Visitor: 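One structure coming up, written as structure tokens, with questions to follow.
No experiment lies behind these values; they were computed from the predicted model shown. Below, read A as the first sequence line, B as the second, and so on, with proteins coming before strands; counting in each chain starts at 1.
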Protein chains: 2
Amino acid sequence: MATGRTHRPATRSRGIPEATVARLPLYLRALTALSERSVPTVSSEELAVAAGVNSAKLRKDFSYLGSYGTRGVGYDVEYLVYQISRELGLTQDWPVVIVGIGNLGAALANYGGFASRGFRVAALIDADPEMAGKPVAGIPVQHTDELERIISDNGVSIGVIATPAGGAQQVCERLVAAGVTSILNFAPTVLTVPDGVDVRKVDLSIELQILAFHEQRKAGEEAAAAEAGTPPPIRSTAASRKGPDGEVPAVMPA
Amino acid sequence: MATGRTHRPATRSRGIPEATVARLPLYLRALTALSERSVPTVSSEELAVAAGVNSAKLRKDFSYLGSYGTRGVGYDVEYLVYQISRELGLTQDWPVVIVGIGNLGAALANYGGFASRGFRVAALIDADPEMAGKPVAGIPVQHTDELERIISDNGVSIGVIATPAGGAQQVCERLVAAGVTSILNFAPTVLTVPDGVDVRKVDLSIELQILAFHEQRKAGEEAAAAEAGTPPPIRSTAASRKGPDGEVPAVMPA
DNA sequence: ATGCCTTTGTGAACGCGTGCACAAAGATTG
DNA sequence: CAATCTTTGTGCACGCGTTCACAAAGGCAT
Ligand SMILES: NC(=O)c1ccc[n+]([C@@H]2O[C@H](COP(=O)([O-])OP(=O)(O)OC[C@H]3O[C@@H](n4cnc5c(N)ncnc54)[C@H](O)[C@@H]3O)[C@@H](O)[C@H]2O)c1
Ligand SMILES: NC(=O)c1ccc[n+]([C@@H]2O[C@H](COP(=O)([O-])OP(=O)(O)OC[C@H]3O[C@@H](n4cnc5c(N)ncnc54)[C@H](O)[C@@H]3O)[C@@H](O)[C@H]2O)c1
């Protein structure tokens with residue numbers, strides 16, 4: 001999970017646990033797929049498999065929203081899609097601004113799945129004067145000077161930061177001062193925000209490092225098992241060259 | 001947090017809790033910044049602020065790695081950088097392949113922070129024959145047909161999937177069959193993998209939906225507070241037009 | 001109408017993660 | 001060398017999240 005919230009200690013957001021909120025979009029995606037295949041109802045077990053979670057967890061999650069299921073039958077797909085959408089606030093249209101239209105910002109602007117679920121790219125903002133006016137994904141880039149006006153005019157409350165790390169905190173402060181209360185941060189920095197502002201971060205580098213940790217551990221365990229004469233569990237083909245870059249696994253030589 | 005692991009029930013990865021592992025890269029980043037400023041030592045309190053966490057949590061996290069601090073003084077920055085790097089497996093060089101060189105894949109390939117910490121883009125792979133041979137970020141794109149050979153030749157164990165959702169599971173299976181045991185997935189799908197393979201996902205859409213949930217809740221609470229005659233907490237300027245797109249907040253009209 | 005079969009909704013137990021608070025450790029100063 | 005001051009390392013309690021397991025609910029067949 002390339003994510004983490006900031007501030008706001010307790011959960012109790014109208015009683016729905018934070019962990020549940022984080023899974024609702026997952027259920028919604030699975031349900032939307034079922035809806036497109038015109039499947040009328042689905043059991044907690046089927047839906048759980050589709051969403052990649054435990055079925056008891058899924059039922060408990062839904063129980064926070066109310067009793068929308070029918071015992072012996074399951075859940076009505078359309079009805080559940082509506083209920084979850086409403087709970088997540090997706091029945092409204094959320095204007096979003098993206099700040100920092102470089103490699104990543106441009107990719108985000110071009111991302112189709114953005115608009116698909118109630119989010120609309122209201123503006124693209126960059127500090128580079130060269131970029132001003134140039135269209136990216138059909139939307140002209142605007143200069144940072146316009147930031148406050150853009151936020152205000154469009155009633156934007158969600159901002160995406162895709163600037164280099166150095167500028168992120170300052171951009172964040174301007175966004176917040178202008179009225180933004182939710183920020184999705186792609187820059188590798190810890191953002192400091194006042195209470196009442198939500199920050200979520202997506203950090204590629206952290207994700208890779210976490211994977212590397214487990215990868216190293218797997219290589220170590222495997223080496224230890226080989227040392228002990230235990231044959232590697234399965235997949236010994238790939239296993240035999242698992243030390244990355246031809247390096248020796250980080251275990252004691254003797 | 002745009003993240004979530006799959007499979008592998010218990011933690012106990014050599015005793016280091018998963019939550020701690022997820023924070024180590026954060027500490028490492030803060031420590032690297034200190035190191036570049038030639039700061040010799042740092043207290044848990046200072047470092048905690050820099051990393052945006054509680055200092056007790058930070059100390060407990062470090063205690064899992066061993067006793068690397070000096071009471072009354074703090075932690076030696078250089079030494080800690082080394083210890084965390086080693087623990088995360090960053091003293092090795094990890095070759096990574098990126099599959100699906102579209103908007104996002106190209107941005108990832110161009111991402112500088114990639115190589116900075118032990119990760120090296122070994123190959124770019126795409127199914128589009130038109131792209132084969134074209135250089136992206138200085139690396140020629142190779143066709144999917146070569147996938148197995150590339151993984152094998154380079155000893156790749158970490159793969160990044162940036163294809164459309166439809167192709168992700170199949171790409172995933174080919175990667176795993178070829179020997180990849182860690183996957184970072186950007187496609188909005190639940191990937192099914194065999195035991196022993198780690199999957200982490202980054203899902204922009206889910207992040208935005210979580211933000212929207214809290215945003216809606218804030219708007220609702222505010223409306224309720226206004227109704228009750230209680231003035232909005234702070235920042236009433238921005239608050240007064242918090243209903244997105246000029247819509248009425250989703251509360252009962254009367 | 002009655003009984004069976006499926007599936008929900010949730011009580012309860014458990015484990016992980018967090019944060020407080022403090023004793024022990026060590027540096028520093030006189 | 002002793003006193004003081006700073007900061008670590010951790011015992012402990014608490015709360016959240018997960019999972020099991022099952023009683024209740026409801027559809028459906030006879
Ligand atoms: N490219 C990736 O795949 C990737 C992956 C993970 C994280 N990131 C992070 O995302 C951020 C952007 O990455 P990128 O590759 O797009 O970088 P980039 O250099 O291509 O783009 C950065 C853009 O931000 C603009 N900018 C700089 N300062 C600004 C400011 N104060 N206000 C507004 N705009 C400003 C620049 O003009 C530029 O257009 C970086 O922090 C990077 O670490 C990128
Ligand atoms: N662009 C974004 O900012 C963004 C954000 C979040 C998630 N995503 C997700 O990331 C993925 C890629 O997004 P994108 O905007 O780069 O899409 P894109 O259409 O620009 O690029 C997809 C690329 O994958 C290639 N491809 C398709 N099937 C393939 C296969 N089976 N094997 C190898 N390559 C294959 C295509 O040739 C194309 O080059 C999508 O799943 C999207 O939902 C993108």
Side-chain angles (χ1 to χ4, degrees), chain A residues 1 3-24 26-27 31 34 39-77 79-80 83 210, chain B residues 1 3-24 26-27 31 34 39-77 79-80 83 210:
Chain A
M1 174 173 32
T3 286
R5 291 183 58 251
T6 316
H7 284 291
R8 191 176 308 276
T11 302
R12 90 186 179 306
S13 323
R14 143 85 184 291
I16 301 182
E18 189 61 29
T20 296
V21 172
R23 281 188 295 269
L24 290 181
L26 223 53
Y27 302 145
L31 285 164
L34 291 172
V39 176
T41 62
V42 65
S43 72
S44 64
E45 185 56 37
E46 292 168 320
L47 187 55
V49 170
V53 302
N54 178 300
S55 70
K57 196 190 301 193
L58 180 144
R59 286 197 299 276
K60 183 148 288 188
D61 283 342
F62 286 173
S63 78
Y64 293 118
L65 309 185
S67 284
Y68 296 146
T70 307
R71 293 167 191 238
V73 177
Y75 298 89
D76 182 281
V77 172
Y79 186 59
L80 206 45
Q83 289 300 340
I210 296 172
Chain B
M1 188 166 22
T3 287
R5 289 182 60 250
T6 317
H7 283 292
R8 191 176 308 276
T11 302
R12 89 184 179 306
S13 322
R14 144 83 183 296
I16 301 182
E18 190 61 27
T20 295
V21 172
R23 281 188 294 270
L24 289 181
L26 223 53
Y27 303 145
L31 285 164
L34 291 172
V39 177
T41 62
V42 65
S43 72
S44 63
E45 186 55 37
E46 292 168 320
L47 188 54
V49 170
V53 302
N54 180 298
S55 69
K57 196 191 301 192
L58 179 143
R59 286 197 298 276
K60 185 152 288 186
D61 283 341
F62 286 171
S63 78
Y64 293 117
L65 310 184
S67 283
Y68 295 148
T70 307
R71 291 166 192 238
V73 176
Y75 299 89
D76 182 281
V77 172
Y79 187 58
L80 206 46
Q83 289 299 341
I210 296 172

Visitor: Rounding to a whole Å, what distance do you find between B:Tyr27:OH and D:dT8:P?
Guide: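 Distance check: B:Tyr27 OH to D:dT8 P gives 13 Å.
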Visitor: Less than 4.5 Å apart, any side-chain heavy atom of B:Leu24 and any of B:Leu65?
Guide: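 When only atoms from C-beta onward are counted, B:Leu65 and B:Leu24 do touch, with a gap below 4.5 Å.
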Visitor: If you define the side chain from C-beta out and look only at heavy atoms, does anything of B:Leu34 sit under 4.5 Å from B:Leu47?
Guide: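 A side-chain contact exists here, since the closest heavy-atom pair is under 4.5 Å.
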Visitor: Let me have a per-nucleotide readout for nucleotides 22-30 of chain C, 5' to 3', with B, S or -, counting only protein heavy atoms under 4.0 Å.
Guide: --BB-S---
Visitor: Using modelled atom types and a 3.5 Å cut-off, is there a donor and acceptor pairing between side-chain atoms of B:Ser43 and backbone atoms of B:Glu46?
Guide: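 Indeed, once roles are kept as given, a pair shorter than 3.5 Å links the two residues.
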Visitor: Compare all side-chain heavy atoms of B:Ile210 with those of A:Glu18 and state whether any distance is below 4.5 angstrom.
Guide: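 With C-beta onward as the side chain, the pair touches.
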Visitor: OP1, OP2 of D:dT10 versus side-chain N and O of B:Lys60: anything below 4.0 Å?
Guide: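 Answer no for this pair, as no side-chain N or O of B:Lys60 is under 4.0 Å from OP1 or OP2.
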Visitor: I'd like to check A:Phe62 versus A:Leu80 (side-chain heavy atoms, cut-off strictly below 4.5 Å). Are they in contact?
Guide: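 Of all side-chain heavy-atom pairs linking A:Leu80 with A:Phe62, at least one is under 4.5 Å.
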Visitor: Under 4.0 Å, heavy atoms only, any strand: does A:Tyr75 hit a base, just the sugar-phosphate, or nothing?
Guide: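 Sugar-phosphate: the residue A:Tyr75, judged by heavy atoms under 4.0 Å, touches backbone atoms but no base.
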Visitor: Expressed as a whole number of angstroms, how long is the span from A:Ile16:CD1 to D:dG17:P?
Guide: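 Distance check: A:Ile16 CD1 to D:dG17 P gives 12 Å.
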Visitor: Whole angstroms only, please: what is the CD-P distance between B:Glu46 and D:dT6?
Guide: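 Computing the B:Glu46:CD to D:dT6:P distance gives 14 Å.
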Visitor: With side chains defined as the heavy atoms from C-beta onward, is the minimum distance between A:Tyr75 and A:Arg59 less than 4.5 Å?
Guide: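 Heavy-atom side-chain distance check passes, below 4.5 Å.
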Visitor: Would you kindly give the CG-to-P distance between A:Leu58 and C:dT7, to the nearest whole Å?
Guide: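 My rounded result for the distance is 14 Å.
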Visitor: Can you tell me how far P of D:dT18 sits from CD of A:Glu18, to the nearest Å?
Guide: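 About 11 Å, once rounded to whole Å.
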Visitor: I want to check one thing: is the phosphate of D:dT8, taken as OP1 and OP2, less than 4.0 Å away from some side-chain N or O of B:Ser44?
Guide: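 The answer is yes; a side-chain N or O of B:Ser44 sits under 4.0 Å from OP1 or OP2.
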Visitor: Report the distance from atom NZ of A:Lys57 to atom C1' of C:dG15, rounded to the nearest whole Å.
Guide: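 Taking atom C1' of C:dG15 as the reference, NZ of A:Lys57 is at 13 Å.
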Visitor: Nearest whole angstrom, please: distance from the C1' of D:dT8 to the CG of B:Asp76.
Guide: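 Spelled out: CG on B:Asp76 to C1' on D:dT8 is 15 Å.
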Visitor: Any side-chain N or O of B:Asn54 under 4.0 Å from OP1/OP2 of C:dC20?
Guide: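 Result: yes.
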Visitor: Does C:dC16 have OP1 or OP2 under 4.0 Å away from a side-chain N or O of B:Tyr64?
Guide: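 Answer is no, no contact under 4.0 Å.
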Visitor: Using the side chain to side chain donor-acceptor pair (under 3.5 Å) rule, take B:Asp61 and B:Tyr27 through it: C-alpha gap first, then chi angles, then the decisive distance, then the call.
Guide: CA-CA 10 Å; B:Asp61 283 341; B:Tyr27 303 145; 2.5 Å; yes
Visitor: Looking across every strand, which nucleic acid part, if any, lies under 4.0 Å from B:Ser67 by heavy atom: base, sugar-phosphate, or nothing?
Guide: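 The residue B:Ser67 makes sugar-phosphate contact but no base contact.
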Visitor: To the nearest angstrom, how far is B:Phe62 atom CZ from D:dT8 atom P?
Guide: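 My rounded result for the distance is 10 Å.
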